[in-house]
Amino acid sequence: MLTINEGENKSFRVLIKHVEEKKGTKNIYVNVTFTDGEAELSANAWCPASEFPYAGQVADITLVMKSGYVNIKSAIPVPTEDSSKYLRHAPINPESGMSMIYRYISEMNDMDLKTITEYLIKQNEDNFKRWSAAKSVHHNYLNGLLYHICRMIANVKNLSSVYALNKDLLMSAAILHDIGKLKELKMDELGSAEYTIEGNLYGHLYLGAIMVKEACRACMVNETSQNIQLLIHMILSHHGKMEYGAVKSPATREAYALHILDELDSKLWVYEDVMKNTEPGTFSQPNRWLDGAVVYNSDVDLNSH
Ligand SMILES: [Fe+2]
Ligand SMILES: [Fe+2]
């Protein structure tokens, strides 16, 4: 937990993930992202990058919170500490996650969707199981993409038993909807993600749609068959609205369901993540990824008050 309250000075042993030198109106400062292995935080330190520990180092940092802002007061490297202990992973065993995905693929009846889904996952398995799902915001750590997909496909199973949906289509799209992130992002060994050139230029919806089309050609699957066209539509529309990067608005029940499941999982992840930086029984600062909502850490026994 990396929690700090107004007026406090607090020290933590952390892994420095990213250090970016910036120029303020008067001084040079660094924006630093760091993790204790569970929570992650970004804060500024008022010194040039040459005077700050570098990414990959473990350091003892002292934070101070004033007027709602967290700053780094000091950072002292701890070269004797094993940095791998502080790497931030999704709470999932990558091998179990992959077997869950393969099990659901094996249950598909539609041969076109089954072939394409299996081909793309097998082709990209090594990256798929270790990739981060984002540069920031949701599931942005090692194995984050796999964790996001596994939570979504568990929901597809339940949703398809309640609503009359094309389960194979929804399952295939849930597995593949973010596959374009393998090209949109590159990752370093600390789990930090950066946008690639094609990621910046095209985004993962378009890149994912292209990957499906290429897979159709490689597997001799007719890319104009209805389910493949609907799958591509779902990848292109899963952000829901064009202002959030969707190429089209969801035009089918399955596309709408995929969008809602994606939104649900990413927003719940943000709540979970903010709680890691919020003391039990207290509220967070307004969170811009939750439309300014403050998050209450409800992991507290209310009966004890
Ligand atoms: Fe996405
Ligand atoms: Fe997603």
Side-chain angles (χ1 to χ4, degrees), residues 37-38 84-85 87-134 138-163 165-187 189-191 193 204 207-209 211-212 214-216 218-219 221 227-228 230-232 234-235 238 254 257-266 268-269 272-273:
E38 195 196 343
S84 64
K85 272 183 11 197
L87 283 176
R88 197 166 170 241
H89 292 262
I92 187 169
N93 175 308
E95 303 312 323
S96 322
M98 290 311 296
S99 1
M100 178 176 168
I101 289 175
Y102 282 122
R103 191 171 69 249
Y104 285 166
I105 293 174
S106 74
E107 289 171 6
M108 288 180 185
N109 296 311
D110 184 288
M111 283 315 291
D112 286 351
L113 293 172
K114 188 176 188 170
T115 304
I116 294 306
T117 312
E118 189 168 29
Y119 173 83
L120 280 168
I121 294 302
K122 275 208 171 127
Q123 285 280 311
N124 296 286
E125 183 169 329
D126 285 348
N127 282 344
F128 192 83
K129 66 183 175 198
R130 59 177 284 272
W131 226 238
S132 170
H138 79 94
H139 305 79
N140 57 329
Y141 44 24
L142 291 163
N143 322 119
L145 179 61
L146 177 65
Y147 185 48
H148 172 51
I149 300 303
C150 284
R151 299 212 301 186
M152 283 188 59
I153 60 181
N155 283 330
V156 167
K157 216 171 148 50
N158 294 329
L159 207 67
S160 311
S161 67
V162 179
Y163 299 100
L165 297 165
N166 181 335
K167 186 180 165 197
D168 282 357
L169 183 58
L170 188 52
M171 187 61 82
S172 170
I175 295 170
L176 296 178
H177 75 283
D178 278 339
I179 193 96
K181 287 189 175 181
L182 301 181
K183 293 189 171 180
E184 182 186 43
L185 300 168
K186 56 182 177 203
M187 248 181 61
E189 64 289 354
L190 302 175
H204 68 273
L207 290 167
M211 285 169 83
V212 169
E214 285 170 355
C216 286
C219 301
V221 166
N227 274 346
I228 296 293
L230 292 176
L231 169 65
I232 292 171
M234 290 169 78
I235 292 173
H238 79 263
E254 288 79 9
L258 178 75
H259 161 57
I260 295 297
L261 289 178
D262 190 43
E263 172 107 347
L264 177 75
D265 189 54
S266 53
L268 282 180
W269 187 92
E272 292 159 6
D273 193 54

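Using a 4.5 Å heavy-atom cutoff, the side chains of Phe128 and Ile179 are in contact. Under the 4.5 Å side-chain criterion, counting only non-hydrogen atoms from C-beta, Ser172 is not in contact with Ile116. The closest side-chain heavy-atom distance from Val212 to Glu214 is not below 4.5 Å. At a threshold of 4.5 Å between non-hydrogen side-chain atoms, the residues Trp131 and Leu182 count as touching.
In this structure, CG on Asn155 lies 10.0 Å from CG on Leu170, to the nearest 0.5 angstrom. Separating the CG atom in Leu231 from the SG atom in Cys216 is a distance of 8.0 Å, to the nearest 0.5 Å. Rounding to the nearest 0.5 Å gives a distance of 15.0 Å between CD of Glu254 and NE2 of His259. Between Met187 atom CE and Glu189 atom CD the span is 9.0 Å, to the nearest 0.5 Å. Note that CG of Leu176 and CE of Met171 are 11.5 Å apart. Values are rounded to the nearest 0.5 Å. Remark: His89 NE2 to Leu87 CG distance equals 5.0 Å, nearest 0.5 Å.
By the 30° and 60° cut-offs, the orientation of the rings of Tyr141 relative to Tyr147 is tilted. The aromatic rings of His238 and His204 are tilted relative to each other, their planes meeting at an angle between 30° and 60°. Aromatic ring pairs are classed by plane angle as parallel below 30°, tilted from 30° to 60° and perpendicular above 60°; the pair His139 and His148 is tilted.
Nearest approach of Ala174 to Val156, heavy atoms of both residues: CB-CG2, 3.7 Å. The two residues Leu185 and Ser132 have their closest heavy-atom pair at CD1-O, 3.9 Å. Nearest heavy atoms, Ile149 versus His177: CD1-CE1, 3.6 Å. For the pair Ala209 and Ile232, the tightest heavy-atom approach, listed with the atom from each and the gap, is CB-CG2, 3.9 Å. Of all non-hydrogen atoms in Asn140 and Trp269, the two that sit nearest each other are OD1-CH2, 3.2 Å. The two residues Leu145 and Lys181 make their nearest non-hydrogen contact at CD1-CD, 4.5 Å.
Side chain of Ser96 to main chain of Ile92: no donor-acceptor pair is present (N/O by atom type, distance under 3.5 Å, no hydrogens or angles). Side chain of Asn143 to backbone of Leu146: no donor-acceptor contact under 3.5 angstrom is found. A donor-acceptor contact shorter than 3.5 Å links the side chain of Asp168 to the backbone of Asp110. Judged by distance alone, with hydrogens and angles left aside, the side-chain atoms of Asn124 form a donor-acceptor pair with the main-chain N or O of Leu120 at under 3.5 Å. In this structure, the side chain of Arg88 does not engage the main chain of Gly37 through any donor-acceptor pair within 3.5 Å.
Contacts of Glu125 classified as side chain to side chain contact (heavy atoms under 4.5 Å, CB included), with partners at least two apart in sequence or in another chain: Met98, Tyr102, Lys129.
When Met108, Glu118, Met152 are each tested for a side chain to side chain contact (heavy atoms under 4.5 Å, CB included) with Ile175, only one passes: Met108.
Under 3.5 Å, the side chains of Asp112 and Asn227 contain no donor-acceptor pair of N or O atoms.
A salt bridge is absent between Lys183 and Asp178; no separation between the charged side-chain nitrogens and carboxylate oxygens falls under 4.0 Å. A salt bridge links Arg151 with Glu272; the closest basic N to acidic carboxylate O contact falls under 4.0 Å.
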